[in-house]
**Q** 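Got a structure here, written out as structure tokens. Questions coming.
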Amino acid sequence: MNDLFSLKDKVIVITGAAGLLGRQHADIVAKAGGIPIVLDINRKDVEQLATDLQEKYGVLSSGYAVDITDEAEIEANCNFLLSQYGHIDGLVNNAANNPKMDTSSSKNFSRVENFSRSVWEADISVGLTGAFLCCKYYGFAISRQGGSIVNISSDLGLISPDQRLYRKQGIPDDQQPVKPITYSVVKSGLIGLTRYIATYWPKENVRCNVICPGGVETEQDPVFVKDLCERIPLGRMANRSEYQGTILYLLSEASSYMTGAVISVDGGRTVW
Ligand SMILES: NC(=O)c1ccc[n+]([C@@H]2O[C@H](COP(=O)([O-])OP(=O)(O)OC[C@H]3O[C@@H](n4cnc5c(N)ncnc54)[C@H](O)[C@@H]3O)[C@@H](O)[C@H]2O)c1
């Protein structure tokens with residue numbers, strides 16, 4: 001059983017690793033005996049994370065400040081990793097711009113008619129271009145001996161945001177906050193990227209799958225949480241550790257015959 005889920009000596013690159021879920025992905029990779037390579041634009045946090053993982057699990061984790069929108073930085077990091085470890089076995093395309101919900105200004109920026117091209121391009125740049133560039137370099141490196149790519153989409157890659165969830169009292173309809181359009185576009189795009197890559201390197205035994213997670217409960221407004229939970233068959237949001245099992249499954253040999261799969265892990269949200 002342990003062998004089936006083992007990541008022993010597997011070098012796994014995780015983007016956006018200093019964030020809420022990236023840390024969880026890195027933790028399960030290390031726990032399964034893998035070598036998490038944690039990348040983030042936030043140097044201090046990602047280096048500290050790598051040190052914490054080394055101390056906790058005795059693994060060769062290392063952390064690097066890499067902006068995944070910068071092709072030269074990715075190429076340099078990929079070449080460095082290959083010189084250090086000799087191989088890269090897995091990639092978790094996790095980084096994304098956290099969409100901001102604007103409730104304060106008189107002209108709500110999140111609404112389509114106000115949404116600026118610069119925010120659109122910045123969100124696409126991290127969420128889609130970044131994932132493409134990581135496939136281009138780390139994915140190609142994985143294709144030398146085979147391995148697994150896991151993309152992190154969202155339940156909102158499968159369904160449209162229910163904008164009623166984000167409504168605030170006392171705000172006119174044309175200024176109500178909405179989940180930004182880029183979130184849906186990025187998360188749907190990652191499903192297309194997954195299917196493309198799944199059929200691109202199959203002979204090289206590169207598998208590529210995508211997880212569509214539901215929302216994690218953190219410190220959201222209780223009214224929002226209650227309304228959202230009414231739309232989730234399991235009746236609650238996720239705990240931050242509840243995607244670790246799926247991540248481990250997809251990175252390990254336990255999923256050796258799975259590629260191109262779109263996996264909802266959302267408490268049933270997209271079933272209703
Ligand atoms: N948290 C949730 O409820 C939830 C639900 C569904 C899907 N997701 C998805 O899971 C992933 C992780 O979410 P999270 O909640 O941990 O987000 P987060 O905002 O906590 O973490 C994202 C990380 O990405 C990093 N990042 C941003 N731009 C970058 C860049 N250019 N290069 C490198 N790193 C960059 C940030 O510094 C941050 O550490 C995202 O793709 C998100 O859309 C999250």
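Counting begins at 1 with the first residue of the sequence. Computed from a predicted model, the values in this text were never measured in an experiment. Ligands are counted one by one from 1 in listed order, and the atoms in each one are counted from 1 as well.
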**Q** What protein heavy atom lies closest to atom 26 (N) of ligand 1? Include the residue and the distance to one decimal.
**A** I41 CG1, 3.9 Å
**Q** Could you tell me, atom by atom, which parts of ligand 1 come under 4.0 Å of a heavy atom of D67?
**A** 30 (C), 31 (N), 32 (N)
**Q** Could you tell me which atoms of ligand 1, counted from 1 in the order shown, lie closer than 4.0 angstrom to a heavy atom of N98?
**A** 19 (O)
**Q** What I want to know is whether V216 and ligand 1 share at least one N or O pair that is separated by under 3.5 angstrom.
**A** yes
**Q** Would you compute the distance between atom CG of L39 and atom CG of L81 and round it to the nearest 0.5 angstrom?
**A** 7.0 Å
**Q** Side chains of C229 and M237: closer than 4.5 Å at any heavy-atom pair?
**A** yes
**Q** Examine distances only and state if a side-chain atom of Q244 and a backbone atom of Q24 form a donor-acceptor pair shorter than 3.5 Å.
**A** yes
**Q** If we only count heavy atoms from C-beta on, is the C134 to T15 side-chain gap below 4.5 Å?
**A** yes
**Q** Using a 4.0 Å cut-off to any heavy atom of G19, which atoms of ligand 1 qualify?
**A** 16 (O), 20 (O), 21 (O), 39 (O)
**Q** Using a 6.0 Å cut-off, check whether atom CZ of R236 has over 12 heavy atoms from anything other than its own residue.
**A** yes
**Q** Can G130 be said to touch ligand 1, with heavy atoms closer than 4.0 Å?
**A** no
**Q** Regarding ligand 1, does K187 bring an N or O atom to under 3.5 Å of one of the ligand's N or O atoms?
**A** yes
**Q** Check for me whether G214 has a heavy atom closer than 4.0 Å to any atom of ligand 1.
**A** yes
**Q** Could you check whether N77 and Y138, counting side-chain N and O atoms only, form a donor-acceptor pair closer than 3.5 Å?
**A** yes
**Q** Show, in sequence, the C-alpha distance, side-chain angles and deciding distance for T218 and R240, and conclude whether the side chain to side chain contact (heavy atoms under 4.5 Å, CB included) test is met.
**A** CA-CA 8 Å; T218 48; R240 65 189 66 197; 4.2 Å; yes
**Q** Which of the atoms of ligand 1 are close to G215, meaning less than 4.0 Å from one of its heavy atoms?
**A** 3 (O)
**Q** Taking the side chain as C-beta and beyond, is there a heavy-atom pair between V225 and E217 under 4.5 Å?
**A** yes
**Q** Can you find a non-hydrogen atom of D45 under 4.0 Å from ligand 1?
**A** no
**Q** Is the closest protein non-hydrogen atom to atom 17 (O) of ligand 1 under 4.0 Å?
**A** no
**Q** Pick whichever of P213, A238, G127, A18 has a heavy atom sitting closest to atom 6 (C) of ligand 1.
**A** P213
**Q** Distance to 0.1 Å, residue and atom name: give those for the protein heavy atom nearest to atom 32 (N) of ligand 1.
**A** I68 N, 3.0 Å
**Q** Would you say Y183 has any N or O atom under 3.5 Å from an N or O of ligand 1, going by distance alone?
**A** yes
**Q** Are any side-chain N or O atoms of S255 and backbone N or O atoms of L250, one a donor and one an acceptor, separated by less than 3.5 Å?
**A** yes
**Q** Check ligand 1 against V66 and write out every atom of the ligand that is under 4.0 Å from a heavy-atom position of the residue.
**A** 32 (N), 33 (C)
**Q** Would you say NZ of K10 has more than 12 non-hydrogen atoms from neighbouring residues, nucleotides or ligands within 6.0 angstrom?
**A** no
**Q** Test your reading of the model: is there a side-chain donor-acceptor pair from S61 to the backbone of P36, 3.5 Å cut-off?
**A** yes
**Q** What protein heavy atom sits nearest atom 22 (C) of ligand 1, and how far away is it?
**A** A96 O, 3.8 Å
**Q** Pull out every atom of ligand 1 sitting under 4.0 Å from any heavy atom of L20, numbered as shown with elements.
**A** 1 (N), 15 (O), 16 (O), 20 (O)
**Q** What protein heavy atom is closest to atom 24 (O) of ligand 1, reported as residue, atom name and distance in Å?
**A** G16 CA, 3.3 Å
**Q** Measure up the Y249 and F5 rings against each other and bin them: parallel (under 30°), tilted (30 to 60°), perpendicular (over 60°).
**A** tilted
**Q** Is ligand 1 less than 4.0 angstrom away from at least one heavy atom of I152?
**A** yes
**Q** Consider ligand 1: state whether an atom of it lies below 4.0 angstrom from any non-hydrogen atom of S153.
**A** yes
**Q** At the 4.0 Å heavy-atom cut-off, does R23 count as touching ligand 1?
**A** no
**Q** For ligand 1, is there an N or O atom under 3.5 Å from any N or O atom of V126?
**A** no
**Q** Quick one: does L21 get an N or O within less than 3.5 Å of an N or O on ligand 1?
**A** yes
**Q** Is any N or O atom of N94, backbone or side chain, closer than 3.5 Å to an N or O atom of ligand 1?
**A** yes
**Q** For ligand 1, indicate whether the residue L39 contacts it via side chain, backbone, both or neither (heavy-atom separation under 4.0 Å).
**A** neither
**Q** What is the nearest protein non-hydrogen atom to atom 37 (O) of ligand 1, stated with its residue, atom name and distance?
**A** D40 OD1, 2.6 Å
**Q** For residues D27 and Y57, is any side-chain donor paired with an opposing acceptor at under 3.5 Å?
**A** yes
**Q** Give a yes or no on whether the backbone of T259 and the side-chain of R207 come within a donor-acceptor separation of less than 3.5 Å.
**A** no
**Q** To the closest 0.5 Å, what do you measure between CG (D162) and CZ (R231)?
**A** 4.0 Å
